[in-house]
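Counting convention: from 1, in listed order, for ligands and their atoms alike. All figures in this text were calculated on a predicted structure; none of them were measured in a lab. Just so it is clear, the values below take in all heavy atoms, side chains as well, and ignore hydrogens, waters and symmetry mates.
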Amino acid sequence: MKLTLIKQQLETSDVITFSFQPDQPVTWQPGQFIKYQLPLDPSDDRGESRYFTISAAPFENEIHITTRIASEHGSAFKSGLQHLQAGDQVEASEPMGEFIVDQLQAGHVFISGGIGITPYRSILAQAAHDNQMPSIALLYANRNDQFVFKSELDAITKAHPTLSITYLVEPQRIQLADIQQATQKLQKDTPYYYISGPKPMVEGFKQTLIDSGIQADFIKTDYFPGYKD
Ligand SMILES: Cc1cc2nc3c(=O)[nH]c(=O)nc-3n(C[C@H](O)[C@H](O)[C@H](O)COP(=O)(O)OP(=O)(O)OC[C@H]3O[C@@H](n4cnc5c(N)ncnc54)[C@H](O)[C@@H]3O)c2cc1C
């Protein structure tokens, strides 16, 4: 399908949301992603396509990419994205991915590192819109206090008491004790654990959870390659 850029919106000093109108009806589940192709001129050896989570919720009827723009050594792809004007088109795949919430009655601990918040933004915005917020404890770690989507997430938390959010700024890091505390808060048997962020972070937390006795079937991961931390 083709997506037409509607607008770019600065979320923090280095994170932008790109909003697109699809040229055909598209359905997706909150947490899914799309592969995007840009005609790049000039290109680099890092490729002309990328995967991005749809940070919009389905009820919003637009496709949103929310991404960090590197201050140094950014790719031609990201530069091409930034140079898009309203009305420009990009090529996109159908939505795909399993990082979705399908057990609404269960408890969920969401672990997020930095821009890894994008699938949770879609999941939480849709749950709030449907007024069907599962029991969720979100642990959201970031390198500074510019948490992407913070005001919106805080508003959702205020309106939906089954959601709680703990923000951690570096050098604070999410520890096993934080995850255990979040689990207790849910007051649900055998919750699901979702982990989203840079690959090393996601793999590290998955191993920590498995080592602490959580079964792999109860852990879902979504890792973003291409970011170092
Ligand atoms: C399922 C899935 C969902 C994803 N969802 C998102 C999302 O919602 N938001 C998002 O931002 N990303 C997401 N990603 C990651 C995304 O696809 C990109 O990999 C990521 O944004 C990095 O983009 P980039 O490669 O254009 O690098 P840039 O963002 O331009 O650069 C990132 C850093 O990589 C370093 N670097 C890496 N390779 C090189 C190289 N060859 N030469 C020089 N420097 C290099 C640079 O120093 C720079 O600091 C997702 C990935 C997957 C697989």
Check ligand 1 against T118 and write out every atom of the ligand that is under 4.0 Å from a heavy-atom position of the residue.
7 (C), 8 (O)

Are the charged groups of K35 and E48 less than 4.0 angstrom apart, N to O?
no

On the 0 to 90° scale, with breaks at 30° and 60°, tag the Y194-F110 ring pair as parallel, tilted or perpendicular.
tilted

Hey, is ligand 1 close enough to Y223 that some N/O pair sits below 3.5 Å?
no

Side chain or backbone of E72 under 4.0 Å from ligand 1, or both, or neither, by non-hydrogen atoms?
backbone

Once the angle between the rings of F18 and F20 is folded into 0 to 90°, is it parallel (under 30°), tilted (30 to 60°) or perpendicular (over 60°)?
parallel

Crowded around Y51 OH? As in, over 12 foreign heavy atoms under 6.0 Å?
no

Donor on one side chain, acceptor on other, T17 and E11, under 3.5 Å:
yes

Quick note on ligand 1: atoms under 4.0 Å from a heavy atom of S75 include exactly 24 (P), 26 (O), 27 (O), 30 (O)

Using a strict cut-off of less than 4.0 Å between a Lys/Arg side-chain nitrogen and an Asp/Glu carboxylate oxygen, indicate whether E91 and K2 qualify as a salt bridge.
yes

Give the single entry among Q32, R46, H64 that approaches atom 31 (O) of ligand 1 most closely by any heavy atom.
R46

Return yes or no for this condition: an N or O of D222 is under 3.5 Å from an N or O of ligand 1.
no

Which word best sums up how the rings of Y140 and Y167 line up, parallel for under 30°, tilted for 30 to 60°, or perpendicular for over 60°?
tilted

Within the supplied structure, the quantity of interest is the number of heavy atoms (other residues, nucleotides, ligands) at a distance under 6.0 Å from R173 CZ; does it exceed 12?
no

Under 4.0 Å, heavy-atom basis, I'd like to know which part of T66 is in contact with ligand 1: side chain, backbone, both or neither.
backbone

Taking 4.0 Å as the limit for heavy-atom contacts, which would you say applies to F33 with ligand 1: side chain only, backbone only, both, or neither?
side chain

Looking only at non-hydrogen atoms, which of R68, K78, R50, M96 approaches atom 29 (O) of ligand 1 most closely?
K78

Which ligand 1 atoms, with their elements, are less than 4.0 angstrom from a heavy-atom of H73?
43 (C), 44 (N), 46 (C), 47 (O), 48 (C)

Report yes if D45 has an N/O atom closer than 3.5 Å to an N/O atom of ligand 1; otherwise report no.
no

Taking non-hydrogen atoms only, is T67 closer than 4.0 angstrom to ligand 1 via side chain, backbone, both or neither?
both

Only heavy atoms of G74, strictly under 4.0 Å: list the atoms of ligand 1 that pass.
30 (O)

Below 4.0 Å, non-hydrogen atoms only: which portion of I115 touches ligand 1? Side chain, backbone, both or neither.
side chain

Quick one: is the NZ or CZ of R50 closer than 6.0 Å to the six-membered ring centre of Y36, and within 45° of its axis?
no

Ion pair check, D154 and K150, cut-off under 4.0 Å
yes

Taking the minimum heavy-atom distance to atom 50 (C) of ligand 1, which of F99, Y51, F52 ranks first?
Y51

Applying a heavy-atom cut-off of 4.0 Å, say which part of A70 lies close to ligand 1: side chain, backbone, both or neither.
side chain

